[in-house]
Amino acid sequence: MKRIWNQFFDKTFWLYVTLGILNYGVCNLIMLILHNVFHVAKTPSLIIEFALQTGISFLLNRYVTFRGLEISRYWPVKFVVSVGLSYLFAKVLLLKVFESLIQVRPFCAISDWVQNLVARSAETPVFRENLVMLACTMTYCIINYVGQRYYVFRPRKSE
């Protein structure tokens with residue numbers, strides 16, 4: 001079990017996480033600037049942010065995180081499929097699950113406790129909505145990492 005744990009959380013994982021956090025921060029900053037400074041509507045701002053984040057992630061993963069690997073020539077198509085399925089699963093299908101879970105008594109108590117620690121002035125429904133969004137985003141990142149590492153950028157078997 002420890003070996004599997006160490007294989008998953010290796011140097012590649014931490015590089016992926018670090019670059020992902022930077023990519024996420026920069027792209028969200030661009031989205032907020034578009035929306036708040038240039039008054040671009042919410043939906044186009046989100047679409048631009050997602051497109052930028054996906055494109056940058058594609059380049060970073062191919063040329064930095066998983067560089068030097070001899071991989072399938074279909075990796076661009078695999079990348080789009082992996083990102084699409086990760087997004088669909090984590091941010092569409094699981095959204096309803098997380099929204100339902102946040103209403104269950106133990107999760108309500110936990111969210112109230114966290115709210116008291118970090119955001120006392122926030123309204124409870126807004127805070128819980130943010131927790132759901134965070135849970136979806138974290139789930140997306142985990143699913144996307146597994147897809148990138150073990151499907152898109154999996155080394156080609158020698159023949």
Side-chain angles (χ1 to χ4, degrees), residues 5-99 101-102 110-111 114-115 117-155:
W5 181 267
N6 289 339
Q7 283 180 327
F8 188 80
F9 294 106
D10 63 356
K11 186 173 80 170
T12 302
F13 173 81
W14 294 112
L15 181 60
Y16 177 87
V17 167
T18 303
L19 293 174
I21 289 169
L22 292 171
N23 182 19
Y24 181 80
V26 168
C27 291
N28 277 292
L29 180 63
I30 291 169
M31 176 191 63
L32 292 172
I33 290 170
L34 284 172
H35 185 66
N36 294 309
V37 176
F38 295 108
H39 306 292
V40 175
K42 183 177 171 184
T43 300
S45 296
L46 286 167
I47 290 170
I48 291 167
E49 182 266 340
F50 182 71
L52 275 173
Q53 193 171 10
T54 302
I56 292 169
S57 174
F58 177 81
L59 294 171
L60 287 173
N61 287 328
R62 177 62 187 113
Y63 298 108
V64 179
T65 307
F66 301 106
R67 72 182 175 274
L69 295 179
E70 188 176 330
I71 56 176
S72 166
R73 66 178 181 215
Y74 301 107
W75 65 268
V77 174
K78 288 180 167 184
F79 181 86
V80 171
V81 169
S82 178
V83 167
L85 289 175
S86 298
Y87 187 86
L88 178 69
F89 188 73
K91 295 192 177 185
V92 175
L93 299 176
L94 282 180
L95 177 66
K96 298 297 181 193
V97 171
F98 289 137
E99 286 174 342
L101 280 177
I102 201 74
I110 292 168
S111 70
V114 172
Q115 182 179 5
L117 282 177
V118 296
R120 293 175 191 222
S121 63
E123 295 179 32
T124 299
V126 172
F127 186 77
R128 287 188 180 151
E129 183 177 283
N130 288 335
L131 288 178
V132 166
M133 291 169 52
L134 181 61
C136 287
T137 300
M138 295 305 293
T139 304
Y140 168 79
C141 290
I142 292 166
I143 294 168
N144 191 35
Y145 172 73
V146 171
Q148 303 279 326
R149 182 160 187 180
Y150 299 107
Y151 175 65
V152 179
F153 296 110
R154 183 180 66 202

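Just so you know, these numbers use all the heavy atoms, side chains as well, and skip hydrogens, waters and symmetry mates.
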Visitor: Check residues 49-60 and write down every donor-acceptor pair under 3.5 Å in which the side-chain atom is one partner and the other belongs to a residue at least two apart or another chain.
Guide:
| from | atom 1 | to | atom 2 | distance (Å) |
| --- | --- | --- | --- | --- |
| Thr54 | OG1 | Phe50 | O | 2.8 |
| Ser57 | OG | Asn61 | ND2 | 3.1 |

Visitor: Only pairs at least two apart or in different chains count here, so list each side-chain hydrogen bond (donor to acceptor under 3.5 Å, both in side chains) that has a residue in residues 12-21.
Guide: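 Non-adjacent pairs meeting side-chain hydrogen bond (donor to acceptor under 3.5 Å, both in side chains): Tyr16-Asn144.
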Visitor: Looking at residues at least two apart in the chain, or sitting in another chain, which of them share a side chain to side chain donor-acceptor pair (under 3.5 Å) with Arg62?
Guide: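 Side chain to side chain donor-acceptor pair (under 3.5 Å) list for Arg62, sorted by chain: empty.
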Visitor: Would you mind reporting whether Ile143 and Thr139 have side-chain heavy atoms less than 4.5 Å apart?
Guide: yes
Visitor: Where the side chain of Asn36 meets the backbone of Leu32, is there a donor-acceptor pair that is under 3.5 Å apart?
Guide: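 Confirmed, Asn36 side chain pairs with Leu32 backbone.
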Visitor: With sequence neighbours left out, which residue pairs that include part of residues 8-26 fulfil the salt bridge (Lys or Arg N to Asp or Glu O under 4.0 Å) condition?
Guide: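 The answer is Asp10-Arg149.
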Visitor: Is it the case that more than 12 heavy atoms not belonging to Tyr140 sit under 6.0 Å from its OH atom?
Guide: yes
Visitor: Could you tell me which residues satisfy salt bridge (charged side-chain N to carboxylate O under 4.0 Å, His left out) with Lys96, sequence neighbours excluded, listed by chain and number?
Guide: Glu99
Visitor: Between atom CD1 of Ile30 and atom OG of Ser45, what is the distance when rounded to the nearest 0.5 Å?
Guide: 11.5 Å
Visitor: How close do Gln148 and Ser82 get, counting heavy atoms only, and between which atoms?
Guide: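 Looks like N-OG, 3.9 Å.
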Visitor: Let me confirm one number: the OG1-CZ distance from Thr65 to Phe13, rounded to the nearest 0.5 Å.
Guide: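 So the OG1 of Thr65 and the CZ of Phe13 are separated by 12.0 Å.
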Visitor: Please list all pairs meeting salt bridge (Lys or Arg N to Asp or Glu O under 4.0 Å) that have one or both residues in residues 25-34, counting only residues at least two apart or in different chains.
Guide: none
